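Inspection log for the structure reproduced underneath, given as structure tokens.
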Amino acid sequence: MPELADPQTRPEPHGGPHGEPPALRRLLGLVGGASPLTRLAVITAIIFLVMSLLRPDPFFTAGNFSSMAFQIPEFALLSLAIMVAMLTGGIDLSIVGVANLSSILAVLVMRHLAPEVGGEAGTLGVIALGILVALLCGSLCGLLNGLCVSYINIPPILATLGTGLIFTGIATVLTGGAAMMGFPAEYSVIGNGTLLYVPVPMWIFVALAAVVAVILSRTAFGLKVYMMGTNPLASRFAGISNAGINIRIYMICGFLAAVAGLIIASRANSAKADYGEAYLLLSVLVAVLGGTNPYGGVGRVGGIVLAVLSMQFLSSGFNMMQVSNFAKEFIWGALLLVVMVVNLLQFRSAPAAPGLPRPQGQPAPSLDKT
Amino acid sequence: MTSPPLLDLIGLSKSFAGVRALDDVGFAIAKGEVVCLAGENGSGKSTLIKIVAGAQPADAGSIAIDGQVQRRWSPMDAVRAGIQVIFQDFALFPNLSVAENIALNQELSAGHRFINWKAVRAVARRGLERVGVDIPLDQTAETLPVADKQLVAIARALLSDARLIIMDEPTTALTEREVRHLLDIIRRLRDDGVSVLFVSHKLNEVFDVCDKIVVLRNGRRVAAGTAAEFDISSLTRHMTGRDIAAESHRRAAGADARELLRVEGLTKHGAFADIAFSLKAGEVLGITGLLGSGRTQLAKALFGLTPVDGGCIAVDGRPAAIASPQDAIAHGIGYVPEDRLTEGLFLSQPIAANIVVGTVDRHTGGGGLLDRHGLKAEARRWIDKLKVLTPSPDLPVQSLSGGNQQRVVLARWLATNPKILILNGPTVGVDVGSKAEIHAIVAGLADAGIGIIVISDDIPEILGACARILVMRAGRITDEVSGEVSADDLALRLAS
Amino acid sequence: MPSWATRNEVIVALVIVALCVVTALINPSFLSLATLFDMLRNGILIGLLAIGVMLVLISGGIDVSFTAIAAFSMYAATMLLVDLGIGDSLLLAFLISAGIGLSLGMINALFIAGFGLPTLIVTLGTLSAFRGFLLAFVGSDLISNVPPAMRDFSRSMLVRGTDAAGYFYSLPTAVLFLIAAVVITWFILYRTMLGRSIFAVGGSREAAARIGFNVRATQVFVYGYVGVLAGTAGLIHASLARVANPSDIVGLELEVIAAVVLGGARLTGGYGTITGTLLGVTLIVLVNNTLVTLGIPTTWQKVMIGFLILLGTGLPAFQARLRANRMG
Amino acid sequence: GTTATPAQAQEYTIPTVVKIDGIQWFNRMREGVDRYAEDTGNNSYQVGPAQADAQLQVQIIEDLIAQNVDAITVVPFSPEALEPVLARARENGIVVVAHEASNIENADWDIEAFQNVDYGAHIMDQLAACMGEEGEYAVFVGGLTSRTHNEWIDGAIARQEEAYPNMTLVGDRNETYDDQQRAYARAQELLRTYPNLRGFQGSASTDVAGIGLALEERGMEDDTCVMGTSLPSISGQYLETGAVDGIFFWDPADAGYVMQELATMVLDGEEIAEGMDLGVPGYNSVTIDGHVIYGQAWVDVTAENMDDYPF
Ligand SMILES: Nc1ncnc2c1ncn2[C@@H]1O[C@H](COP(=O)(O)OP(=O)(O)OP(=O)(O)O)[C@@H](O)[C@H]1O
Ligand SMILES: Nc1ncnc2c1ncn2[C@@H]1O[C@H](COP(=O)(O)OP(=O)(O)OP(=O)(O)O)[C@@H](O)[C@H]1O
Ligand SMILES: [Mg+2]
Ligand SMILES: [Mg+2]
């Protein structure tokens with residue numbers, strides 16, 4: 001076979017940007033040839049250890065564990081809701097509004113009916129009815145979000161910003177802004193009781209997280225969610241009903257938010273239009289820290305659990321050291337950035353990733369969309 | 001003493017996680033030479049081109065321009081060295097106007113800091129004239145049909161005073177007429193002393209314009225020489241390592257075959273009008289036509305992606321209301337879209353998930369949970385059956401080469417076991433070997449009683465596969481020919 | 001329907017006109033120069049921030065940290081001016097504030113352009129970090145004895161009129177900054193290669209890199225520019241309010257992003273116009289400043305704002321959807 | 001500071017949990033808490049969430065319970081929301097003293113600087129006097145969800161209806177989200193909508209500053225009356241120009257100090273009785289209603305005496 005050219009000289013191969021010194025590579029390899037999830041687990045464990053060593057007395061005590069277990073569920077549920085919405089490439093900024101509106105409806109129902117029924121069974125029935133109303137309200141709010149996003153095509157961030165204002169507004173109209181009291185005494189178990197040494201709200205969170213995890217990873221619906229989040233156009237061509245997926249996802253969000261609202265209400269023994277407002281951006285932060293890609297298609301329940309734990313360890317630990325809560329905010333932000341950079345350096349040290357060609361027109365399937 | 005070659009590639013190697021995409025590949029391109037890079041899907045052609053364009057670094061090897069080995073090699077360096085690339089995925093800006101897409105390149109390399117809109121439009125107009133097409137300058141690229149996008153990408157590359165133009169499958173979305181025009185342009189460029197590196201799976205094009213041919217197989221250079229030293233069968237042999245028989249897979253409907261699909265008076269204003277045809281079980285029906293003749297719109301309408309303004313569709317003799325892809329699927333219709341990157345694939349998701357996404361509902365076991373083993377097995381079966389070249393079904397589908405990606409899309413639809421399958425450009429960007437295999441698969445499906453509609457610009461393909469061919473022009477079916485006509489005859493009818 | 005009639009800008013403009021007509025019918029005093037000037041004045045902060053956000057959206061990113069940057073620069077600059085006793089020079093005040101904004105923008109740029117991290121994640125982190133740092137380590141007391149230069153600036157008016165009852169209505173000089181920002185940004189976007197590179201990067205990062213745009217430099221510019229705008233906006237805010245309150249401004253981010261998207265910028269990048277952004281800002285400012293005039297009870301005001309956001313975004317979105325359906 | 005009283009056998013850990021960290025009001029309260037720590041040697045300190053949110057306050061108290069502090073003194077953002085967690089604190093033997101929460105149940109004592117309704121009525125009296133008991137006025141609250149603000153306004157409106165028939169309330173309660181810019185814009189809008197508006201009563205500490213700025217820009221300082229809760233450090237400049245005519249508050253430092261003192265007294269088992277002197281001005285002769293203790297601790301501040309209150 002004839003040669004096109006026979007170069008006389010063959011100079012030394014030139015090195016690409018992968019020519020990192022091997023020492024650095026090895027070091028990065030030590031940080032873990034692991035997945036981002038494992039790395040987050042390591043970071044969470046380190047935070048736990050450091051806090052335990054710094055303040056062993058109040059931090060590493062049963063009392064503190066119980067206290068943290070009571071604090072976690074409500075914002076963990078909200079973070080879970082945000083993660084679920086982010087899987088589709090959307091976001092749900094209305095969760096706090098949904099939570100408060102649902103719990104206000106619940107307390108209205110219970111307050112109205114409780115005096116009219118007698119006996120323990122009657123009270124339990126009223127509580128169940130109140131909870132049902134709240135969950136229904138949450139799902140309906142989610143349905144409204146889903147319709148705005150998939151039928152009217154409003155960008156999720158704006159649709160849920162708008163509906164969130166509306167839900168909070170209706171909550172204000174219903175209550176005039178005041179806190180609504182009047183839960184039957186038994187209702188306090190939801191937020192304040194314990195079962196087998198573990199707080200009831202924690203059981204609720206664990207159960208729901210498990211259900212969401214199963215839905216996402218073990219059902220056809222879950223698979224379709226990830227696919228649609230990756231490329232909505234292709235999912236339409238593959239015969240997936242994007243609208244159907246979106247609606248169900250936002251209904252799940254609304255449902256989770258309503259549960260969070262019920263827990264908050266039980267822990268506060270009241271419902272109010274402005275409870276938990278600070279949780280919104282915090283939940284977004286937790287969801288992202290947990291490895292969720294805000295552009296869709298990537299995110300796992302396990303990541304949320306780890307992110308929630310690390311945030312809580314930091315938060316309680318710093319409270320015990322009497323660190324200003326503003327410093328805590330600073331550290332949360334910094335933690336997010338550090339985790340992302342560590343993940344990145346890890347990716348860089350693996351041979352495959354950089355310059356992955358992202359074909360034009362692809363709606364941002366992976367993290368390289370910035 | 002001869003002058004050094006314009007471009008000299010020396011021992012280039014490149015690996016992606018587990019895949020050796022290029023292995024010690026080297027060749028040279030002289031001034032005014034048209035070199036063709038041939039090879040099967042995934043043989044490393046696009047990778048090589050990306051390295052030459054500076055878009056990806058090589059693991060080893062070097063690039064020499066005019067005999068000078070380059071130390072730094074970024075896209076800007078490549079442009080400065082006079083290299084222009086028409087990428088397989090076009091690399092256009094969807095949000096910018098056609099004029100900007102064509103002219104920005106120029107403005108950038110001229111080092112301008114400010115924009116002169118008059119100049120931009122003038123440059124763009126000149127570019128389009130060179131390609132010989134007329135596309136509105138102010139239209140945003142996003143809204144262009146694929147073919148126009150490709151033409152814009154070509155215009156952009158031709159404009160610059162490039163010394164070497166690299167074209168990675170520039171003709172995939174083009175019809176006969178544009179292809180001929182492009183080949184003319186390449187010849188003109190050569191006469192002007194511009195070198196061209198050309199990639200195409202349409203071997204007739206290769207022999208039409210190329211002076212030299214370099215063949216890659218599995219990332220290695222397996223052959224190189226002047227075009228005269230090869231013929232179609234030897235080239236095919238080098239590419240695939242075996243002989244490909246040029247057999248016909250043409251399938252006509254049996255006389256007593258059931259009518260699967262009947263379309264009557266189907267109309268969508270501005271796209272197509274009064275479309276009527278029928279499709280029988282076991283038949284492969286071809287639809288061809290010039291660019292923008294309405295074929296894609298028609299296919300999308302049949303699949304429920306585009307609402308129609310009038311007419312009716314009957315499946316299996318019963319009127320079918322098809323308002324969404326779900327309706328279409330419920331009626332047993334499948335659709336392989338023309339643009340696999342944006343419409344067909346979930347690029348960052350695993351290959352297996354891409355294959356089974358259409359059939360997951362069938363793999364739901366007790367309690368509504370997925371039968372994951374069943375799904376894995378199904379994915380593996382299709383990977384084997386369609387010979388998708390990958391180390392693992394769990395890799396993201398973006399790690400596959402273009403042709404293998406196309407097989408994944410096909411596999412997804414075959415897995416749904418459709419009654420009617422619409423294939424829009426089924427072998428776009430697919431190499432000869434795979435093409436033959438895909439054609440055989442299509443024929444096998446027809447034998448199994450599936451009705452198939454093939455939309456294609458590839459005349460040999462459509463003649464090879466279809467017994468009956470509809471020709472569309474300006475949104476109407478203007479002609480119906482049998483698969484027995486000659487290629488030249490069909491080309492003539494298309495152009496007339 | 002002609003294509004201009006279905007454009008975002010036109011629909012938002014129609015919503016604005018409708019809202020004005022209804023308000024004027026309910027309360028004719030709405031149609032006054034005082035109203036116009038008040039709206040303009042209240043639009044300066046959001047307007048400046050929105051222009052920055054628009055640039056980020058065009059470049060294919062998203063920024064939620066700009067409010068924290070504005071608050072940080074505003075407060076730190078005021079503090080410096082007071083502590084160093086150099087509060088007499090307005091120019092210096094703006095230079096310091098914009099400079100601090102620029103530095104914080106560069107921190108965003110470091111993570112975004114340097115490390116290539118996703119913008120939403122980075123700016124979520126810096127939002128929290130900047131705000132936390134400011135309040136924990138710089139200071140949390142509000143500074144109400146703002147330096148003389150800022151005080152004078154707040155009293156400097158471009159136009160001043162007197163109404164029937166002898167009271168003033170006036171347009172502060174600060175509005176010139178908004179006008180300047182609009183002109184400069186327009187020039188950058190539509191007359192320079194830099195502007196084109198912002199659109200190009202937002203349209204397709206990969207393609208921009210392949211044809212030789214310096215993607216990182218573009219991103220550094222964008223986040224730096226946003227920082228400067230935010231720093232300037234912060235200082236104007238503190239001057240006009242005659243107090244530097246470190247917990248001000250943060251919390252506006254979603255409202256500003258809503259204004260920009262209302263104006264037609266796409267969260268997926270590549271699209272956005274200055275006219276649209278200004279219209280979006282107008283709608284948001286209008287809604288926030290006419291509810292009392294409209295006689296809407298306070299308890300219902302949130303519902304109204306939410307509803308108008310849905311209407312303003314829903315109408316164009318629905319139009320676009322119908323159009324897409326027609327096209328197929 | 002003076003050394004601990006001999007009665008005090010040990011040093012207590014008593015955190016003060018405030019509504020939100022870092023704002024002027026609670027920075028002033030911290031001064032009182034710190035002074036108490038200095039005076040007694042107790043581990044008294046102040047904490048508060050970074051954002052005004054009842055749930056964040058609950059979480060902080062959860063952590064404090066886990067640390068087994070001796071007493072918790074708290075200024076609830078929303079008293080109802082704290083009931084269960086405060087109940088848990090008391091179950092754990094922690095003494096709870098609250099402030100600005102007269103309706104709270106799960107506290108040993110709640111100390112109020114005054115009766116909210118009386119305070120609101122008092123501000124209305126001043127506003128009416130300034131307006132010559134006639135004309136249109138508007139009222140502002142930091143949030144519709146803020147119980148105290150709404151009680152002040154309730155008291156004010158009730159007093160106006162009973163005593164000043166020639167004054168009329170225009171518009172609804174205006175909500176400012178504790179944001180000066182919103183108060184400013186609202187005042188502008190009210191002035192445009194109600195040209196005869198002559199009086200304003202604010203509730204959040206930034207309300208009157210925002211209103212004052214709007215009036216100053218209109219040149220209406222001399223023709224209008226603005227009264228409301230604020231601090232001299234926030235509204236001083238408008239008091240000087242007359243845009244704001246009077247501000248009212250109770251000294252947060254004193255309130256913080258008194259809360260700590262009460263908590264210590266409970267821990268030491270001392271008796272708390274009607275008419276006793278808590279040793280801080282305004283709380284020299286307290287009245288007791290159930291477990292709520294009232295002082296008479298409000299301060300009227302005008303341009304004349306504002307320099308006496310450097311915070
Ligand atoms: N970013 C990537 N990550 C992992 N593997 C890759 C990547 N890009 C290419 N490859 C692999 O490198 C090999 C060569 O791919 P390339 O795209 O160069 O093939 P090609 O010859 O252009 O094929 P086609 O004709 O189908 O376009 C393939 O096996 C492909 O799977
Ligand atoms: N998004 C659109 N907006 C406006 N007109 C369109 C659009 N898409 C298609 N058309 C018009 O509809 C007609 C049919 O287009 P279509 O894309 O179906 O042609 P085609 O023959 O399938 O082309 P191709 O071979 O590129 O797929 C053309 O006149 C085209 O200009
Ligand atoms: Mg290729
Ligand atoms: Mg006055």
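Numbers restart at 1 for each chain; the letters A, B, ... are given by sequence-line order, proteins then strands. Worth saying up front: this structure is predicted, and the values here are computed from it rather than measured.
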Which portion of [X] sits near chain C, non-hydrogen atoms under 4.5 angstrom:
X: A/Ala334; value: backbone
X: A/Val173; value: both
X: A/Leu165; value: both
X: A/Ile157; value: side chain
X: A/Leu93; value: side chain
X: A/Leu161; value: side chain

Going by heavy atoms in the side chains, are [X] and [Y] under 4.5 Å from each other?
X: C/Ile309; Y: A/Ile154; answer: no
X: A/Asn153; Y: C/Phe318; answer: no
X: A/Val288; Y: C/Leu120; answer: no
X: A/Phe330; Y: C/Phe130; answer: no

Counting distance only, does the side-chain N/O of A/Thr172 pair as donor-acceptor with the main-chain N or O of C/Thr299 below 3.5 Å?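 A pair under 3.5 Å: no.
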
Report yes or no: does C/Arg321 contribute a side-chain atom to a donor-acceptor pair with the main-chain N or O of A/Tyr151 at less than 3.5 Å?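 Yes, C/Arg321 side chain to A/Tyr151 backbone: donor-acceptor pair under 3.5 Å.
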
Interatomic spacing from [atom1] in [X] to [atom2] in [Y] - rounded to 0.5 Å:
X: C/Trp300; Y: A/Ile166; atom1: CH2; atom2: CD1; result: 10.5 Å
X: A/Asn293; Y: C/Ile121; atom1: CG; atom2: CD1; result: 6.5 Å
X: C/Phe111; Y: A/Met340; atom1: CZ; atom2: CE; result: 11.0 Å

Evaluate the criterion side chain to side chain contact (heavy atoms under 4.5 Å, CB included) for residue pair C/Arg131 and A/Phe326; output intermediate values, then yes/no. CA-CA 8 Å; C/Arg131 182 184 128 96; A/Phe326 294 121; 3.8 Å; yes

What heavy-atom pair brings [X] and [Y] nearest, and what distance separates the two atoms?
X: A/Pro155; Y: C/Val261; answer: CG-CG1, 4.1 Å
X: C/Ser128; Y: A/Glu329; answer: OG-O, 2.7 Å
X: C/Thr119; Y: A/Tyr295; answer: OG1-OH, 3.6 Å

If I measure from the heavy atoms of chain A, does C/Phe133 come under 4.5 Å with its side chain, its backbone, both, or neither?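 The answer is both parts of C/Phe133.
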
With a 4.5 angstrom heavy-atom cut-off, which part of C/Leu127 approaches chain A: side chain, backbone, both or neither?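 For C/Leu127, the side chain is the part near chain A, not the backbone.
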
Top contributor to chain A interface from C/Leu311, C/Val64, C/Leu254, C/Val201 [non-hydrogen pairs under 4.5 Å]: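 When all of C/Leu311, C/Val64, C/Leu254, C/Val201 are compared, C/Leu254 has the most.
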
